[in-house]
Amino acid sequence: MQDALVLSARPGIISFSLGLPSPDLFPVEQFTLACEKILGRGSSVLQYAPPSELLKSHIVSLMRHRGVECRESQIFLTSGAQQAVNLVVAVLLDSGRQIIAEELCYPGFRQIVEFYRPEVLTVPTDPSTGMDVDKVEWYLESGAKPVFVYAITEGHNPLGVSLSEEKRRKLLTLSENFDVPIIEEDPYGFLTYEPSQIRLPMRSQRADNVFYVGSFSKILAPSLRVGWLIVPEELTRHLAVLKETVDIDMSTFSQHVVAHMLDSGFLVEHLKRLRAEYTCRRDVMVKVLSKRFPSDSRWSVPDSGVFIWVRMPEKFDTKKLLTVAVDRHQVAYMPGSIFRVGSSGGDSPSSLRLNFSHPSVSCIDEGMSRLGDLFCSSANALACAE
Ligand SMILES: Cc1ncc(COP(=O)(O)O)c(C=O)c1O
């Protein structure tokens, strides 16, 4: 991910690699006002300090809008979603135990769990309904004893799909019947694009077995490093002790900035703006995919998140083609194989993940046309070689 970050910052490169928010949509003016206001109150925001109760109460209200009822005492503030997952995994997982995750997974999660060398029981993902919950059931009924199931319910990274309501219900039932907690990671939950398709997080249905992970990275700014967990109250002390080993407090300043911005009530309008702009960027990407990519490439249009997963014909090797894309066409993307957990993940070597939130509409148009030309000429070359 760090390599991709360096690559996407290279001058002249149009990058579809990482899930970065659009720099044009950062609410810079609101940030400036918030900083002036909180520094105007004195220097205490620059000090070590306990987690902000005001921010917790804003998160409680924010989650209520998504159908999740929780209390301030169940909110545990973290330095981003990545740290939140890291901590909750540390609480649940011991070396060598089993976990359930999808065959194609967010690499940040894989990096966290690798440390514990777990036995990862993988399940495939359907491009339109999400995780194969029947396979989860099969594992559990066959006697597997996973310590958790990891799920990204909205705008899956890397596949872009959201878990269907039916599957959410079934997964919750399995979690209860077999007493297996779910880590519900939801950094894209506020970025939904079809108002008729609003789905509630699993945490809204059954509180105790779902460890919910949220973040302000994609909806305000990732440099704030503010995320949160919703967990049973009795766990927060344990989490605090664990967190202290790597991170004394979290940024007091960021917490106050976010709390102040939420006080002002501007987030509602800001989210509308993000959703409208990202819908537009997604649609441009889909239009160029349809027009310029080989006719046998396949994708689904995501109704949340920031990624489109494209399946190219099997003969394509998207990892090899990336070098050509970058060196000759100045375009970058994420090859599908890097999201594989173990040896599963079927057609991922011929697939790619594309991000549509970071590049502007004109960059999407230009970069996707260049990629389409590259893939069409590669398809021709492969056909001639056969
Ligand atoms: C699934 C997932 N989790 C976590 C993160 C990182 O979030 P944060 O910046 O809140 O740590 C990302 C960012 O791309 C993500 O896609």
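All ligand and atom numbering here is 1-based and tracks the order in the structure. FYI, the numbering just counts along the sequence from 1.
- The ring-ring contact (aromatic ring centres under 6.0 Å, His included) check on Phe216 picks up Trp228, with sequence neighbours excluded.
- The shortest N or O to N or O distance between Tyr150 and ligand 1 is not below 3.5 Å.
- In this structure, Gly108 does not count as a contact residue of ligand 1, since none of its heavy atoms falls inside 4.0 Å of the ligand.
- Of all the heavy atoms of Pro222, none lies under 4.0 Å from any atom of ligand 1, so neither backbone nor side chain is involved.
- For Arg353 and Phe307, the positive end sits near the middle of the six-membered ring, less than 6.0 Å away and at most 45° from its axis.
- Distances below 4.0 Å separate heavy atoms of Gly80 from the following atoms of ligand 1: 10 (O), 11 (O).
- Comparing heavy-atom distances from atom 13 (C) of ligand 1 across Lys218, Gln83, Glu185, His156 singles out Lys218 as nearest.
- For the residue pair Ser162 / Arg199, a side-chain donor-acceptor distance below 3.5 Å is found, with atom types taken as modelled.
- Atom numbering of ligand 1 starts at 1 in the shown order; those under 4.0 Å from a heavy atom of Ile152 are 1 (C).
- Considering only residues two or more places apart in sequence or on other chains, Phe16 meets the ring-ring contact (aromatic ring centres under 6.0 Å, His included) condition with none of them.
- For the residue pair Gln255 / Ser52, no side-chain donor-acceptor distance below 3.5 Å is found, with atom types taken as modelled.
- Between Tyr188 and ligand 1, a contact under 3.5 Å exists for at least one N or O pair.
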